[in-house]
Structures are given as C-alpha cells and as structure tokens.
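Before any comments, here is the structure.
All values below come from the heavy atoms of this structure, side chains included, with hydrogens, waters and symmetry mates left out.
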Amino acid sequence: MKVIILTFISVLFMSSFARSQNAIDINDVNYKFNFSLNSDWNNRKTEETNKQDAISYSFDKKDGKMALMLLAFKVNEVKNLTDFIYTLEKDLTLNIPKRDGDYTDFDSGNYDGKMAEYKDAEFSEVIYFYRTKINEGNNYTYLLRFIVPSMYFNSSVLSEIKKISANFSPVIGQ
C-alpha cells in the first residue's frame, strides 16, 4: 500500500513539474511588466514597433476557446487613462466590439486601471487597461485583452480570465 501511495504522489509531482516547465513566463524589462500563463497556452506572435515604443504579444489557448492579446506602450508622462481607453476602443485595427456595461476601476498604488466586458454577435471580450503613475521617468500603458467566441463564454471562463489577469503586473522601479 505504501508503494502505491508513494508511486501516486511521485506521478502527481512529476506531472505538476512537467506542466510548470511548459508555462509561459514573460519578464519584459523594456516595457516593465511580468506575466505568466500555464501550459494550456501557446505564444503565437510577438512584435515590436521599429521605434521600440510599443510591443504586442498574442497567445492562443490550445483548446481554441480563447485568445489573448497584450499590448504595452512606453509613454513619457502619466497617461490620461480615459484618453488611452478611448483611443484603443476607437482604433479600427483592434476591432473592439461595443462595451457591455460599466468599467470596473482598480488602483494598486504605482499603477491603476479599468476593466470592462465587450460583446458582439461572434465574440465576448474582457479587456483590462493599465497605466503606471510614476512622477519621474518613463511611464507605461498596457492593454490585456481576452477574446472568447461567444458560445464558450460563461462564468467559468470569466473566472479563468480573472485568475490569468491577476498574473499580470507592471514592474515599477526597475
């Protein structure tokens, strides 16, 4: 019986270790953020502008039920969050659907932001907008966008999105 229990524990430990080995961890020192996803995701594409003032990361969930986009921008001053959100919501290349409900505000001291849900006939999206609030030096703005085909969007997916978004953190003071 002890051998079976030890074997079971070993298998659990090994599978947990293997899953953590395939995780995606990003520590972007140029755009001052940390972010991680579990092994259920693939990094599809990463692109930076020629001026090196913005970067885009795209990820797909392996089961095809969700996509994630992370945009980071370098800005010279503390950006007006309302202006930042308005600019991105109106950007035709992003094709963000109509907002469904009010924004939820959050503030973590050196950075703050807003979150909202967006919907159209095909997709339900949850988007987090962040900005750093550093008095001296460079500041940054971020968009963390979760895109889910409407047929898969439910409370379980929303819970997963909240858990994943909790892994994103601007890194102030580097």
Side-chain angles (χ1 to χ4, degrees), residues 9-75 79 84-85 88-89 91 93-97 104 106 108-118 122-132 134 138-174:
I9 291 172
S10 296
V11 168
L12 281 177
F13 176 75
M14 297 289 272
S15 65
S16 170
F17 180 74
R19 258 183 280 139
S20 69
Q21 293 297 324
N22 295 328
I24 299 170
D25 293 313
I26 299 169
N27 180 15
D28 193 316
V29 295
N30 292 324
Y31 292 90
K32 307 290 189 215
F33 69 88
N34 291 325
F35 186 64
S36 64
L37 293 168
N38 65 26
S39 61
D40 294 343
W41 292 84
N42 289 319
N43 185 347
R44 179 172 21 121
K45 190 176 191 181
T46 303
E47 289 184 293
E48 187 173 24
T49 60
N50 291 336
K51 294 185 343 184
Q52 297 182 326
D53 60 351
I55 194 165
S56 169
Y57 291 87
S58 298
F59 304 92
D60 292 314
K61 194 160 183 195
K62 290 179 182 176
D63 65 7
K65 295 182 179 178
M66 191 180 330
L68 188 155
M69 172 191 280
L70 173 58
L71 300 176
F73 303 91
K74 292 180 185 178
V75 293
K79 184 77 171 162
F84 174 63
I85 293 169
L88 292 179
E89 285 178 341
D91 187 325
T93 60
L94 292 175
N95 196 26
I96 294 175
T104 301
F106 54 89
S108 297
N110 288 331
Y111 69 92
D112 64 356
K114 294 178 183 261
M115 181 276 289
E117 292 184 30
Y118 299 79
E122 292 182 66
F123 297 101
S124 294
E125 301 188 16
V126 177
I127 303 177
Y128 292 81
F129 302 92
Y130 304 83
R131 67 155 180 191
T132 59
I134 304 166
N138 287 329
N139 276 279
Y140 301 86
T141 55
Y142 309 95
L143 172 139
L144 182 61
R145 180 181 185 186
F146 298 88
I147 305 167
V148 182
S150 294
M151 64 200 279
Y152 298 125
F153 193 78
N154 57 41
S155 60
S156 175
V157 168
L158 191 54
S159 177
E160 181 180 3
I161 288 170
K162 287 179 182 179
K163 186 177 177 182
I164 292 169
S165 68
N167 286 324
F168 176 82
S169 177
V171 180
I172 310 304
Q174 279 189 352

Exercise for review: Compute the centroid of each ring, for Y142 and then for F168, and state whether the two points are separated by less than 6.0 Å.
Suggested key: yes
Point to revise | I96 versus L88, closest heavy-atom pair with distance | key: CD1-O, 3.5 Å
Check your understanding: At their closest point, which heavy atom of D28 faces which heavy atom of Y31, and how far apart are they?
Key -> OD1-N, 2.9 Å
**Study point:** Reported NZ-to-CG distance for the pair K74 and D53, which is rounded to 0.5 angstrom
**Key:** 8.0 Å
Check your understanding: Looking at OG of S58 and CZ of R44, how far apart are the two atoms once the value is rounded to the nearest 0.5 Å?
Key -> 4.5 Å
Point to revise | Minimum-distance pair of heavy atoms, taken over all atoms of A54 and E48 | key: O-CG, 3.3 Å
Exercise for review: Measure the CD-CG distance between E160 and N38 for me, rounded to the nearest 0.5 Å.
Suggested key: 7.0 Å
Check your understanding: Is the NZ atom of K51 crowded by more than 12 outside heavy atoms at less than 6.0 Å?
Key -> no
Exercise for review: Using a 4.5 Å cut-off on heavy atoms from C-beta on, say whether the side chain of L68 contacts that of I164.
Suggested key: yes
Check your understanding: Between F59 and F35, what is the ring plane arrangement, given parallel below 30°, perpendicular above 60°, and tilted in between?
Key -> tilted
Practice item. Taking the six-membered ring for Trp and the single ring otherwise, decide whether the centroids of F106 and Y130 are under 6.0 Å apart. Key: yes
Check your understanding: Per the side-chain contact (heavy atoms from CB on, under 4.5 Å) rule, which among L71, I85, L144 passes with F129?
Key -> I85
